[in-house]
Amino acid sequence: MHNSIAVLDFGSQYAQLIARRVREQQVYCELFPWDAPQEQVLAINPRGFILSGGPKSAYTENAPYIRQFILDSGLPLLGICYGMQALTHALGGQVDPSTEREYGLAVVQTLGSNPLLPEGDYPVWMSHGDRVVRPPEGFGVIARSENSPVAGIADIHRKYFGIQFHPEVRHTPDGPGILRRFVVDICGITPDWTPVSIIDESVARIRQQVGGEKVLAAVSGGVDSSVAAALVHKAVGGQLVAVFVDTGLLRKGEPEQVVQTFRKNMGLEMVAVQAADEYFAALAGQTDPEVKRKIVGEKFIRIFEQQAKDLGQPGYLVQGTIYPDVVESSAPDRNKADKIKTHHNVGGLPEDMQFVLVEPLRYLFKDEVRAVGEALGLPQEMVWRQPFPGPGLTVRCLGEVTPERVTRLQAADAILLEELSGAGFLGKGAGASQAFVVLLPVRSVGVMGDERTYQEAVAIRVVSTDDFMTADWARLPHDLLARVSSRIVNEVSGINRVVYDITSKPPATIEWE
């Protein structure tokens, strides 16, 4: 890899946002724990480093610190919030607790001309309890705010920069410009991380990995597995066999749609496996979400191992793992972001798995996957299909997963998507980035036809997002919500209550489990 940036995570839950914003500038980057091995970080041949925020104080014992090899590299550095404080502390400056903490919007004023921050006053997003009191020797103050006399520092000669605010969040309007000036102007990187370059690099890497061996592709019809299969097909052609498993946990009518779309639009050899009974038997009596995910992951692999035997034992399996899956599944550590949940195709796979995984999307974010899909010529209905979790409706059917409850959930979900589509809220550029129904493991009292009911409740989850790492709940028209609720209660047996989820991500995740 060339023309890249290494983003070092000092414990921020939102460090991957920094990586996402850098990618938006068509510059490749990877996210590493602050204490990642030197050889791992330098393997991508970075042209600069970005140091994330974090919850610690740089001056406390056992606080994350900047590794010496980074300072010895001679490469440009940009420290964000804690990253600025860690840089200050490492180079002999002073960081103290702030008497006036800043959380939320603030206005910074640029002090003098510099290559990172434009001159003038502009809004930014602050979130810090410590502040730099005295910059290290050789640094000048390049920005201030009402509560932070030192809101930005720079050693122009060494190309070291620190900012107290967060350019990666949307609340800092010039954030993309700040990151672009750092990675392009200061680090001297040519923005060449494009869908075409991603395809070319992926094809070369896939060919090198699998050689002339046969490959199985696990396809669900979702954008991730579809684009992964298309990339591998472009790389190795007839060596690829696509396998679709009907788990019984897909949305209404999807199994038929998936098989038809793949055979019609991609010309792939496809094997369809009916496995609903196996999945429901394995999930019987289970209610813990992590247990359910692991069951789905193991069942998924066992079925593919059987298919491999039937197809002459190919040793490679394609999966649509994407970068947020990898980051969110990382194990918790003392100073790093906490594990959020196990993804079935990352942390839920059995240890004795017999396949070598081929994961061409492992370092791509969701919108990069879509862009690659379009560049590969996949149909719009496939590229812009509603995102769907690998474990399927397992994670939307809270509590025990039974055929009866899944049928109920499928019917309610189909009504929601039909109404949203009819109102123009689904599809590329529409207001709802992701929409689905969650079946809750609670019952409530209702009245239907003058009779008391005691039935299940569902929650509607509709979010708007441009990166799927942060999301806001969609402000749908009240009459649309009323129509969805009325239809679900009247048309789906066993549901008598509908609620609307108005929680953003963070603090919630998009999926409920």
Side-chain angles (χ1 to χ4, degrees), residues 5 7 10 12 14-15 17-18 20-22 24-25 48-59 66 76-188 470:
I5 291 288
V7 180
F10 285 88
S12 172
Y14 318 123
L17 266 180
I18 301 173
R20 182 65 207 93
R21 302 301 177 229
V22 172
E24 286 176 358
Q25 306 308 318
F49 297 95
I50 297 179
L51 317 175
S52 84
K56 303 286 187 179
S57 293
Y59 47 79
I66 302 173
L77 299 178
L78 172 61
I80 296 172
C81 196
Y82 180 89
M84 167 179 161
Q85 296 160 13
L87 181 62
T88 298
H89 187 70
L91 299 178
Q94 184 176 346
V95 180
D96 287 344
S98 177
T99 54
E100 302 259 347
R101 299 190 172 198
E102 282 184 298
Y103 293 102
L105 286 173
V107 175
V108 298
Q109 176 186 13
T110 306
L111 305 175
S113 178
N114 71 87
L116 184 70
L117 304 179
E119 295 188 33
D121 299 355
Y122 46 93
V124 299
W125 185 261
M126 294 278 195
S127 179
H128 65 99
D130 294 333
R131 67 180 181 182
V132 174
V133 176
R134 177 174 51 81
E137 185 176 346
F139 282 76
V141 179
I142 60 172
R144 67 175 301 278
S145 72
E146 184 177 355
N147 291 326
S148 293
V150 183
I153 58 175
D155 181 333
I156 305 296
H157 177 69
R158 286 191 284 182
K159 297 184 178 179
Y160 286 180
F161 297 86
I163 51 178
Q164 189 58 71
F165 55 90
H166 291 269
E168 70 271 26
V169 301
R170 295 301 188 194
H171 303 82
T172 300
D174 190 47
I178 292 170
L179 291 172
R180 184 173 183 83
R181 285 188 286 275
F182 178 71
V183 300
V184 175
D185 299 339
I186 295 169
C187 295
T470 61

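The basis for the numbers below is simple: all heavy atoms, side chains too, and nothing from hydrogens, waters or symmetry mates. Numbers here simply count residues along the sequence, with the first being 1. Values in this document were obtained by computation on a predicted structure and should not be read as measured data.
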Side chain proximity check, [X] to [Y], heavy atoms < 4.5 angstrom:
X	Y	answer
V150	T88	no
Q94	H89	no
L116	D185	no
C81	H166	yes
L105	M126	no
F10	I66	yes
I153	M84	yes
I5	F49	no

Over all heavy atoms of both residues, which pair between [X] and [Y] is shortest? Give the atoms and the distance, please.
X	Y	value
Q164	R131	OE1-CA, 4.1 Å
E119	S113	OE2-CB, 3.6 Å
L117	T110	O-CG2, 4.0 Å

- Please round to the nearest 0.5 Å and tell me the distance separating atom CD1 of I163 and atom CD1 of I142.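 I163 CD1 to I142 CD1: 8.0 Å, rounded to 0.5 Å.
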- Message: Using side chain to side chain contact (heavy atoms under 4.5 Å, CB included), reason through D96 and V132 one step at a time and then give a plain yes or no.
- Response: CA-CA 7 Å; D96 287 344; V132 174; over 6 Å; no
- Query: Given S145 and Q109, is the side chain to side chain contact (heavy atoms under 4.5 Å, CB included) satisfied, shown in steps?
  - Reply: CA-CA 6 Å; S145 72; Q109 176 186 13; over 6 Å; no
- Check the pair L51 / L78 against side chain to side chain contact (heavy atoms under 4.5 Å, CB included), numbers first and verdict last. CA-CA 6 Å; L51 317 175; L78 172 61; over 6 Å; no
Residue list, side chain to side chain contact (heavy atoms under 4.5 Å, CB included) with [X], at least two apart or on another chain:
X	answer
V107	D121
I156	N114, P115, A154, F161
A15	D9, S12, L31, S52

- Item | Derivation of the salt bridge (charged side-chain N to carboxylate O under 4.0 Å, His left out) call for R158 and E137 | CA-CA 12 Å; R158 286 191 284 182; E137 185 176 346; over 6 Å; no
- Please list all pairs passing the ring-ring contact (aromatic ring centres under 6.0 Å, His included) test where one or both residues lie in residues 129-158, with sequence neighbours left out.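 Sorted result for residues 129-158: empty, none.
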- Can a donor-acceptor pair be found between the side chains of D130 and Y59 at a distance below 3.5 Å?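 Looking only at side-chain atoms, Y59 and D130 do form a donor-acceptor pair, the distance falling under 3.5 Å.
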- Check the pair I50 / L77 against side chain to side chain contact (heavy atoms under 4.5 Å, CB included), numbers first and verdict last. CA-CA 6 Å; I50 297 179; L77 299 178; over 6 Å; no
- Message: Using the ring-ring contact (aromatic ring centres under 6.0 Å, His included) criterion, which residues pair with Y160? Sequence neighbours excluded.
- Response: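 Partners of Y160 under the ring-ring contact (aromatic ring centres under 6.0 Å, His included) test: none.
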- Does anything in residues 172-181 pair up under side-chain hydrogen bond (donor to acceptor under 3.5 Å, both in side chains), and if so which pairs, sequence neighbours excluded?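 Sorted pair list: Q25-R180, D174-R181.
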